[in-house]
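Quick notes on the structure that follows.
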Amino acid sequence: MKYDILLKNGHVIDALTGLDGKYDVGIKHGKIAAVSESLLAVDAGSVIDVEGYIVMPGVIDSHVHVSSEARWIGFSMMAGVGVITAVDFGGPIQHTVKGLAAMGCGMSIAGLHTVTPGRNTKDADPTVEELSEITDEALAHGALGLKIVGGHSPATPEATARIIDVANRKGCYVAFHVGTTRHGSDIEGFREAVELAGKNHLHIAHVNSYCRGLHRTPAAEALEAAELLRSHRNLVSESYLGTINGTSAHIKDGLPSSHVTRNCLRMGGYTPDEKGMGEAILGGWAFIQVLRGGKIELVTGKEGFEIWKDAGTRTGVSFPVNDTTSMHILATAKMQDRNEFVVDAISTDGGAIPRNVQLERGAALVRLGALTWPELVRKLTLNPARMFGFEHKGALTEGFDGDVTVADPVTGRAHLGISRGQVIMIDGVVVGKGGHLLAATREGASEAQEAGLTSEVVDLSKSWFYTRT
Ligand SMILES: [Zn+2]
């Protein structure tokens with residue numbers, strides 16, 4: 001047999017080759033074997049007719065949360081909407097790897113390891129030596145790099161810059177949810193992040209979330225964010241299209257432990273304390289995240305309040321704080337030459353946070369005329385692959401990984417997911433098992449294999465993260 005799987009009659013859209021029309025796709029031994037106007041059904045072990053659907057490279061979600069055990073359900077939530085590869089922005093990396101082995105649904109995953117000065121370092125002002133040790137350990141356990149969550153748990157600007165610098169010296173990835181002890185998770189924090197990066201390489205997480213109108217109008221903030229990204233190409237970035245955010249509802253000493261949560265309460269007109277949090281849930285502004293029927297759902301009002309209390313306030317929470325004007329500006333903004341996007345990718349910051357809407361809302365932007373399908377496909381596949389250095393992903397080209405997402409051209413609803421040659425989802429039903437880890441080091445990749453996963457080493461030196469200046 002020439003092909004294990006043959007996708008017949010679909011509308012192929014591929015950003016690398018520029019294909020945009022009716023083609024067949026043959027997959028063999030986990031790789032794309034052929035893309036052509038007509039491949040013979042007799043040459044295939046299994047033929048799937050995808051007439052009327054868009055066939056694109058496997059969707060890569062460039063920012064998700066699936067690391068803690070309560071969030072492992074996020075793997076199937078992602079696979080269910082056609083995501084094939086994702087990058088976890090939480091950690092600890094050991095938990096991400098364990099979750100991938102237990103509930104990975106056949107997906108490819110890379111993971112960042114969060115470093116929070118004072119929480120998982122000895123000192124609130126960690127030395128280069130300590131940060132260096134933490135980084136080496138994370139990479140040896142399979143991480144692609146580090147994450148800084150300044151927005152939730154701010155560190156000093158100096159400690160933050162030191163983490164960015166250590167990661168750059170090690171040649172690993174580093175992403176920043178902006179915010180320090182000086183500036184919050186907002187446009188001012190973003191401006192500060194540009195300075196803290198200096199000439200270093202840095203991933204700015206979920207750019208839209210800094211443009212919620214805390215200082216000026218959301219549109220004015222989004223235009224400034226876009227301008228900063230246009231003039232600082234050493235920064236890579238992603239933004240999402242979900243209306244809700246995702247943060248912690250945990251209360252410590254009468255106050256929300258996350259600074260983001262405090263901001264969200266203020267935005268809804270509630271006091272940023274325990275009382276305000278309770279009122280925000282009862283008043284329908286705060287939505288408690290609950291596992292129900294195999295996915296995380298959002299519950300507000302009296303029911304949400306009871307769940308939050310019963311859990312000793314240790315639940316996730318979402319607020320409808322994302323402004324649609326800024327999310328649209330950031331999803332569509334282009335560079336001067338019109339060929340490149342300002343924000344590299346459309347992500348979700350989802351996974352276990354129920355907002356894996358990149359295809360559904362992306363298709364809505366296409367219906368609106370704000371993006372074309374080829375542009376949307378580029379932001380969901382080729383761009384994130386390049387950003388992270390996933391060399392064999394992001395394109396339907398011979399020799400690339402057999403990753404395919406098949407979706408409805410009107411609604412964006414995912415119809416079929418194929419990961420490294422295996423069907424992992426059919427019409428929303430997830431059938432994939434196991435997982436594949438994309439690690440930064442050989443030690444990290446072999447540790448994943450001991451956990452029962454397949455793995456590979458990513459060459460970050462070829463990624464946009466390191467090559468773009
Ligand atoms: Zn996140």
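Counting convention: from 1, in listed order, for ligands and their atoms alike. Just so it is clear, the values below take in all heavy atoms, side chains as well, and ignore hydrogens, waters and symmetry mates. This chain uses plain numbering: 1 for the first residue, then up along the sequence.
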Fill in: Electrostatic pair Arg468:Asp344 at N-O distance under 4.0 angstrom
yes
Practice prompt. Taking only Lys NZ, Arg NE, NH1 and NH2, and the carboxylate oxygens of Asp or Glu, determine whether Arg420 and Asp403 approach each other closer than 4.0 Å.
Written response: no
Worksheet item: Would Glu279 and Lys275 pass as an ion pair if we require N to O under 4.0 Å?
Response: yes
Worksheet item: Under 2.8 Å from the Zn ion (ligand 1), is there an N/O/S atom belonging to His63?
Response: yes
Discussion item. What I want to find out is whether Arg191 reaches Glu224 closely enough, with some N-O distance under 4.0 Å, to be called a salt bridge.
Written reply: yes
Response to the item:
Which atom of Asp349 is nearest the Zn ion (ligand 1), counting N, O or S only? It is OD1
Worksheet item: Quick check: does His177 have an N/O/S atom under 2.8 Å of the Zn ion (ligand 1)?
Response: no
